[in-house]
Structures are given as C-alpha cells and as structure tokens.
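Take a look at the structure below.
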Amino acid sequence: MTTLQSSPFSTSVSKFAQLTSRTGTSRLFLVRIGNVGPGWRSFAIRNVASDQKVKEPVSDDGISSLHSFSPDSASITSSIKYHAEFTPSFSPERFELPKAYFATAESVRDSLIINWNATYEYYDKMNVKQAYYLSMEFLQGRALLNAIGNLGLTGAYAVALSKLGHDLENVARQEPDAALGNGGLGRLASCFLDSLATLNYPAWGYGLRYKYGLFHQNITKDGQEEVAENWLEMGNPWEIVRHDVSYPIKFYGKVVLGSDGQKHWVGGENIKAVAYDVPIPGYKTKTTINLRLWSTKVPSEDFDLQSFNAGEHAKANEAQTSAEKICYILYPGDESEEGKILRLKQQYTLCSASLQDIIARFERRSGKSVSWDEFPEKVAVQMNDTHPTLCIPELMRILIDIKGLDWKEAWSITQRTVAYTNHTVLPEALEKWSYEVMQKLLPRHIEIIEMIDEELLNTIVSEYGTTDIDLLEQKLKEMRILENFEWPETVAQLLVRPKEASSEEEVESDIEAESVIVDEAESEVIDNDKEEEPSSSQPEVVDIDKEEEPSLSQPEVIDIDKEEEPSSSQPEAKLPIKVRMANLCVVGGHAVNGVAEIHSDIVKEEVFNDFYKLWPEKFQNKTNGVTPRRWIRFCNPGLSEIITKWIGTDDWVLDAEKLADLRKFADDENLHAEWRASKWSNKAKVAAFIREKTGYVVNPDAMFDIQVKRIHEYKRQLLNILGIVYRYKKMKEMSEEERKALFVPRVCIFGGKAFATYVQAKRIVKFITDVAATVNHDPDIGDLLKVVFVPDYNVSVAELLIPASELSQHISTAGMEASGTSNMKFAMNGCVLIGTLDGANVEIRQEVGEENFFLFGAQAHEISGLRKERAEGEFVPDPRFEEVKAFVRSGVFGSYSYDDLMGSLEGNEGYGQGDYFLVGKDFPSYIECQENVDEAYKDQKIWTKMSILNTAGSYKFSSDRTIHEYAKDIWNIEPVQLP
C-alpha cells in the first residue's frame, strides 16, 4: 500500500495553467509553462459543443493556438497527486492501484482537453467540411497507454508513477475495456478514429453508451456463461457528460397535417439523448477529435410520485426504465417482439440524436444565413453497416417537417450527404425490419420510406421499360425497399398482363391502351418540376397549436395503405412485409463501399448487382486497415524497437510503407536472433496470462497457434477444433518417439464470444473447452499439444495474444468474410497466416508473398456449385472427416452429446444440417496444409524469414491508407493542421 505523506503541492515546482470559465478560475493541468510572449492576447474558447469557456492564448490573427509544452515527470507527478486529492473517487488515506489509475487518467485527460477544445474552436473558426462516422460499435480497448503514447509522454508518466510507488503497466491494467463493441466492426471504427485524428482530418464519431456492453463471458463446465459487463461501475475517467447537449427522441405517436400545411409527428413516447464525450488524440499531433456517445433518460418529472407512494413502485419508474434500457445492452436479443422494438429504438436513437447534433452544429457555423444546399458541402455522414440506415428517413424528416424544405430539395441533400459501408454478404446480416414494427414505432419514417420506395420503383421502370413485363416485375421485386408490399397504383397498372385478344382489332386496342398507361407513368417519373412531397396517404388535418393528450400505449396508426382491388400482380398478402435496410442504404446514399477487393467484387456482382448496373458510379472498394500505433507500436514495444533499429527510423509509425524496408534484412541472422527473442518474450507473457486465467500450464517453446474472433459457423472455429481432434487422435495412435518426430509442439488458443441466443455457436465453445479438458490432462501427450479457450476475449487480451502469435487461423468459408481486421494485426506482428482466399486474406497473401501464407480450401467462385453438389447428394466425404466425427461421438471428450453439432455436418440440405459452411469439403485440404505448417516450423530459419516478410508486407493494411481513401473518394474532406 502506498500513502500520500504530504500535500500534493509541497514538493512541486510547477505552476497551474490558469484557465477561466464563467464561474471563475479552474485548474486543469499541472504543467511548466513559460511566459506568454508579445503578440498574444487572452481569448475564450468553447468546450466541445458546450457553452462553457476557458482561457487560452490566441495569436493576433484571431485563431487560437496551443502553447507548446512537454510536461516533465515532476509536473506530471504533481498533477496525479492533485487529482488523487481534489478529484477523488476513493478514500484519501490510501493510494492503491485503482486510485492511482483514476488520478493518472484524469491527469492525462487534462492535457487532452486543452488540445480537444482548441481543435474544435479552430474547426468552427475555419468552418471546414467534417466527416461524421456513425457506428453501433466502437471497440476502443484501454485508453491510458494509447493516450500517453500518442502524446509522447509514456516515459514521463512511467517515471512519475515510479516516484509515487507504482509501475505504469500495473496502473494501466486497472482500466477495464470500454464495453462499446464486440468484433471487427467496432475495432475498425476505433482504428478509423485514431487515423482520423493522427492525419488531422476534421471528424467525429457517434455511438451509444452501453451500460452493460454485450456481456462478460465466463467459461464453465457447461460452456459459455454470460453476465453483464461492469465497465462503468466505478465511472469512466475519459468521458465528459455534456448536460447542455441533449436532444428529444420520439417513438410511437401519429402523423398529422398541421394548419401550416406541414406534416407533424405528435404524441407518443418522448425521451432525451444526452451526450457523453470521449477525446481521441492523434499521434504526435495536437489534433484531438471527439467520440460522442448517447445515453438515454427522461426528466425527473416523469417519475410518477403518486404511484410510488401508493406502493406501485415499478409503475412509478416505468418511463425512466423504458428510456434507460435503450442503452443497457449492445445487440439485445431480438427473438421477441419487445427485443425487436428495443433494437430499432437503439438504431433510431443513434441516428436521430446524431443528426440533430450535426444539424445544430451546421446551423451554428452558418450564422444567420443558413443555406441548406450547402449542407453536403459541410457534412459527410458515413453509415458503418446497416445499423444507422434510419439516418436517411430521419434526415428527410428533419429537412421537410422541421426545416420546411420540399421533397426534391431534401432528397438531393440527403443523397449527397450520406454514404454506406457494407460489411457482410450473409443474407441474415443484411437487416430486414418488420414493416408492422416500424410503422408502430416510427410512423412518419415509414411514410418517408414508402415514398423513397415509390421513387425507386419509378426509376426501375424508366430503366427497364415495359416491353418485358416479367423481367420488369422481377427487377422491381428484387430491388425495391419494401419487400412484399403492395405496388403503388402507377406501377400496379404497368404489371397488369393484357387479356388474350379475340381479333387483331382487340389486340391493337389493348396495345394502344397500354401505351397510354405507359406514357402517363413515364411522364410522372420524369416530372422533376413538381415540388410537392409525394404522398401515399392523407394524414389527419389538425390545429398543431392545440395541445393533445400524449399517447404512451398503442399509437394511433394512420391508414397509409390505399384500399385497392387485389391484383394478380400484387405480392401475396400472407407474406410478411419487410423493410430492406441495405437497399435503402444503397438508394439513399451517394457511395457504397465494400471493405476488401474480393468483398467489393461480390457486392457488385452478387449482393447488389442490379443496383450496380443502375448506378455503377456509386460502388467502390475501401480495403480495411488497422492503426499501427496501437497494433504494433504500443502493444509490441519490443518488436517496435527492432523495426526502428533495423530500418533506421521510427517514421514507420506514421508512414507504414517504410515497413517494407525490412525486406532488405529478411535473411540477416542477427535480425533473426533479435526477432525470435522478442517473440519468445511475448509468448512467455501469454503463458503466464493463460495460467492465471485458466490454470493450464503451457510451454513458450511450443508453436503458438491462435484463432481469436467472434464465434460463428462461417468463421469455422469448428474446422479448427476438428483438425485438433484429428491431430490428437493420430498422436494417440503413435508411440512417443513417432509423435515427437512427426508433430511440432503446439499451443492452440481460441478466444471469442458467441451471441447469447446463437445455440450452435455456444455448442462450439462447449466443444472446444471439452477437448481442452481432455487433451491438457492426457499424460501421453504432455506439452506436445495444448488447447486453451481464453475467456472474455477483448481488445486488451488481443494486445497480449497477437504479439505472441506464430500461426494465426483465418479459415472462413470463401466468399463469406467481408474483410477481417485481425488478420492484418497478426501479419503486422510477424505472424504467419493459414487461411482461405476470403476477405482481406487475398490481399495479405499478395503483399506478403504467396510462399509466406498457408493456403487451403475451396475458392469463392466454387462455393455455390459445391452447395448444389451437396444438395443433390453427390458429395462424398473424406474418410478422415468421417473418422474424426466418429471419434467425437465415441465419448472421448465427455458425456455431453455432440449429435446436434456433428449432425450439422451431415445430410444434404435442410435446417441444422447439410454442412452449409463446407467444413467437410475443406477438411482434407486443411489438415494437409497443417502438415506443411509443421514442416516449415521445424526449420526456424525459414519460419523466421516468413515472419519478417509478413511484417514487411503488412504496410498496405494501415488504417491511415484506408482513411486517406475515404477522405478523398467519399467524404471530400481535407486535413486541417492546427496552428
């Protein structure tokens, strides 16, 4: 235990930077500062999106400038001691690790706030175009080491904490991972924020502040157990709540036409979204951008005091509970109606609050003369996957209903502002929302979506014409936004098949009549002078000045469906009506990008082929990337020093292309020795971590073979573990001498979470842990094979495992992984990959060299044919595959029945069987490829060269490159260097 023996200021020779606010002087950061020279005057700058003011020096040209300083360890020590005493979260008597962490983080935050405020004061002053990145996930990881690393203060903080009796690494380990994401989607978003700040691009991130995250994963004898995350239990020192930044969010209610001629969404359930801001510092730059997270609540007056005093406690707090639960959990279960509504509420809250905030900033920067046509020249909104799709109808609603624009203006602005990143080709992940649920929850938005759908249908008619009615109807059904919804009247008329004529005259008459209908329809399609908003319903006309009773139960549903005689061309009424969110994204945005070359090709050729033919200029590729700051520089300092030493500069941290210089030394034995020593040191750390978390003892001299990612059938952890089972079976059939001669010792490490309701994925987790329990306790095998499932895999665990990895598995069914980002992190850290030609694997293999990548499996263009072969009963499984399934069923791994899991790999087709992800097809190729891995690893000279060349070839996969491409090709923004 460490105690503070004296006043926090008794030994400090530093001074406080004096900052004033409306309420007087406040002390933000203890720093050594020189005298402010001539040519400077005092200037009050706003906090981020806040009215609070602080004093900062400003140059004579009126632009705020940061006084350059580099806090030394003495001033940092004083700052930490100050926060320990005056920003207390713990008792004053002790200075133990949790308290040391909070005080240290608050000390760092002080420094960030100065840069943070100056960044946005300058952006406001220059009125630059800004990008806004909307994502349901931001998987940040721990912030402390990243922040001080980006500020260049790692050494100073290490010394300061040492003076206070603590080690920097031990203090940093007190920080919980921010539970704001789950997998690659959220980690990508966080890498992008780091690159945006580092490259000085004006940008914000927007997300939700999940109280309990996805879940904390425990591993028990029954497999995965989910419990709530506790990351906010002691508070979050990195966030600043903006009590002055909140926006109203509405659900349910009804749409009415006011006496002013405008449509209004009234009644319903009303909540508030409150902003929590997190600073994102760039590396070796003053630029510090903002991640704004929304939390939901209702005012205190909504607490029903009468009900509470009457003993109806749950009823009294109903409104607050209903509001707060929106931000409880990431991806709540949606099998129930309530779950679906909650997910849709989450998505709408993110979109509505963010757009209101963006629009408020645009109006403030525009001053008295707001020109809405300039909105896309100042704002770029990027939708990270389909979760923020409601940005499109919400922006339309605000522009039309609140700002008074006509439909044509609003639609043009929306399309020029919004862009969409597609992250999946899985049909179930291309979101479709129930029309009924959306109509109930967001009645105005469903009206707008209907109108967008109608415009799209008219565009398709113009493109394909009416010569081939069957082709036209096919394209309309495939491309429209509203699946199984009735056709608008004009389209329905076009799809009526002409009756058989009894004479030539009747035929000519029918053709003439059809021609008139087509001419009328086409003239309606191209009537661009019509300024009125298209309407699919007639809303109730009311006096909007008259107060109404708010409806919190069932909303009044306006009849937005026209009563029509059923037609043979209308979709069958019994089919559920769905809103295809991905189609809405494509229609409503000006750009659609995939996230790897092969993925973008699939998007254009398969997923959105009809849209690609209609608007080829919209479609782009932006191969994902990861930040080399967090994923080499900070998580693997030993390797970072080696890279810097051998290429002669640390410029690679900002210019990843310089990593390619390592190729010149790929055969150097001195580099090999240093490279292997660094890898072994990282493996030793992981061995200690595994023992702490699982109790298993592993040998760092063995090969570390790692697959860490979300548990999903298409990612094929099942293929990996079946390969391990086959390996184990073969070992058991050999003598000790034979297996030692044939097999390289391996530690096979798994990590990742299965969604709580994904039964098959949870079976896979259970299977892995059962195999581990058997193999790891088998005295015949010893250190020759170990299997480990690391519980609660997150960013911090990844930062430990990835630097220690030697082989990493990226073995998804070809054509099903959009990109992947963990494959990039592993390659950067000198790990050799085994994988299929899927996602970014294709480009990684090209960059690192085919000979430095272990390739197996069917290719993307073969998959549909292989599934057809399986469905027709023509697939013949490899005897080794049958052998391993029988071994699993023999009970060698315990009493749990794996019939359902093994059964999914059998049969020809149907739910829960048919081996949709082709585990059986790729199994022989996979185990043969693993034999090649063993052979290569036995020659450490060859393996080390392969490792070096993976790092050297990974430069393309820096998120800096990706962000430059987004900025140039999609957002049209420029870097802004602070003065």
Side-chain angles (χ1 to χ4, degrees), residues 141-142 145 169 172-173 177 187 626 628-643 671-709 717 720 724 744-752 768 772 776 783-810 821-835 848 852 854 933-934 936-937 940 943-951 954:
R142 291 170 176 160
L145 293 180
E169 285 194 13
R173 278 197 285 269
D177 275 38
R187 190 50 243 166
V626 299
R629 269 77 61 187
R630 182 180 286 269
W631 291 110
I632 309 181
R633 177 68 184 85
F634 302 144
C635 79
N636 200 345
L639 182 64
S640 298
E641 290 175 9
I642 292 170
I643 293 170
L671 175 57
H672 281 212
E674 293 177 25
W675 199 271
R676 284 196 292 267
S678 173
K679 184 67 74 174
W680 193 93
S681 175
N682 290 327
K683 289 164 67 178
K685 292 176 185 176
V686 168
F689 172 78
I690 288 172
R691 185 168 190 171
E692 176 191 345
K693 295 296 181 181
T694 69
Y696 292 137
V697 177
V698 301
N699 186 351
D701 291 326
M703 178 202 294
F704 276 26
D705 171 354
I706 301 179
Q707 186 181 21
V708 283
K709 51 185 75 236
Q717 286 91 351
N720 185 352
I724 292 168
V744 165
R746 285 206 202 193
V747 179
C748 301
I749 301 172
F750 293 83
I768 294 168
N776 296 349
D783 285 343
L784 205 52
L785 180 63
K786 296 290 185 185
V787 181
V788 177
F789 193 101
V790 176
D792 202 44
Y793 177 70
N794 58 22
V795 176
S796 295
V797 175
E799 290 172 350
L800 190 64
L801 294 181
I802 290 173
S805 62
E806 293 175 288
L807 180 75
S808 181
Q809 307 215 23
H810 304 273
T821 52
S822 67
N823 45 7
M824 302 171 184
K825 298 165 197 168
F826 280 103
M828 279 185 174
N829 283 272
C831 180
V832 184
L833 308 189
I834 179 173
V848 305
N852 302 310
F854 291 101
V933 171
D934 276 5
Y937 193 80
Q940 279 295 292
W943 189 271
T944 305
K945 180 178 179 179
M946 294 173 71
S947 174
I948 292 167
L949 290 173
N950 266 268
T951 298
S954 67

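All values below were derived from every heavy atom in this structure, side-chain atoms included, with hydrogens, water molecules and symmetry-related copies excluded. What you see is a predicted model; the values in this text were computed from it and never measured.
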* To do: Could you go through the side chain to side chain contact (heavy atoms under 4.5 Å, CB included) check for F789 and Q717 one step at a time?
  => CA-CA 11 Å; F789 193 101; Q717 286 91 351; over 6 Å; no
* **Intermediate values then yes/no, side chain to side chain contact (heavy atoms under 4.5 Å, CB included), F750 and I724** => CA-CA 12 Å; F750 293 83; I724 292 168; 3.7 Å; yes
* Derivation and outcome, side chain to side chain contact (heavy atoms under 4.5 Å, CB included), residues V747 and Y696 -> CA-CA 11 Å; V747 179; Y696 292 137; over 6 Å; no
* Asked: Under the side chain to side chain contact (heavy atoms under 4.5 Å, CB included) criterion, do R173 and R142 qualify, and how do the steps go?
  -> CA-CA 9 Å; R173 278 197 285 269; R142 291 170 176 160; 3.9 Å; yes
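At least one side-chain heavy atom of V708 sits under 4.5 Å from a side-chain heavy atom of F826. Looking at N950 and C831, their side chains never come closer than 4.5 Å, going by heavy atoms from C-beta outward. By the 4.5 Å heavy-atom criterion applied to side chains, T694 and P791 are counted as neighbours. Side chains of P745 and D783 form no contact here, defined as non-hydrogen atoms less than 4.5 Å apart.
Here the straight-line distance linking atom OG of S954 with atom CG of N823 works out to 11.0 Å at 0.5 Å rounding. Within the model, atoms CG of N720 and CD of Q809 stand 3.5 Å from one another, a figure rounded to the nearest 0.5 Å. In this structure, CG on L800 lies 10.5 Å from NZ on K693, to the nearest 0.5 angstrom. Rounded to the nearest 0.5 Å, atoms CZ (R629) and OG (S640) are 12.0 Å apart. Interatomic distance, I643 CD1 to M828 CE, rounded to the nearest 0.5 Å: 9.5 Å. Atom CD1 of residue I948 and atom NE2 of residue H672 lie 4.0 Å apart, to the nearest 0.5 angstrom.
Put simply, the side chain of K679 gets close to the backbone of N829: a donor and an acceptor are under 3.5 Å apart.
The list of salt bridge (Lys or Arg N to Asp or Glu O under 4.0 Å) pairs with a residue in residues 794-804, not counting sequence neighbours, reads R630-E799. Sorted by first and then second residue, the salt bridge (Lys or Arg N to Asp or Glu O under 4.0 Å) pairs involving residues 785-795 (not counting sequence neighbours) are K753-D792.
Contacts of L807 classified as side chain to side chain contact (heavy atoms under 4.5 Å, CB included), with partners at least two apart in sequence or in another chain: M703, D705, R746, I834, F854, Q930, V933, W943. By the side chain to side chain contact (heavy atoms under 4.5 Å, CB included) test, E692 is found to be paired with no residue, residues two or more places apart in sequence or in another chain being considered. The salt bridge (Lys or Arg N to Asp or Glu O under 4.0 Å) test applied to R633 returns no partner, not counting sequence neighbours.
Across all non-hydrogen atoms, the minimal contact from V788 to V698 is CG2-CG1, 4.2 Å. In terms of heavy-atom proximity, V797 sits nearest to N794 at N-OD1, 3.0 Å. When every heavy atom of K709 is checked against every heavy atom of S822, the shortest pair comes out as NZ-OG, 3.4 Å. Between Y793 and G751, the shortest heavy-atom contact is CB-C, 3.9 Å.
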Donor-acceptor contacts under 3.5 Å from residues 682-690 side chains, at least two apart:
residue : atom : partner : partner atom : Å
N682    : ND2  : N636    : OD1          : 3.2
N682    : ND2  : S678    : O            : 3.3
N682    : ND2  : P803    : O            : 3.4
K683    : NZ   : P700    : O            : 2.8
K683    : NZ   : A702    : O            : 2.8
K683    : NZ   : E806    : OE1          : 2.8
K683    : NZ   : E806    : OE2          : 3.4

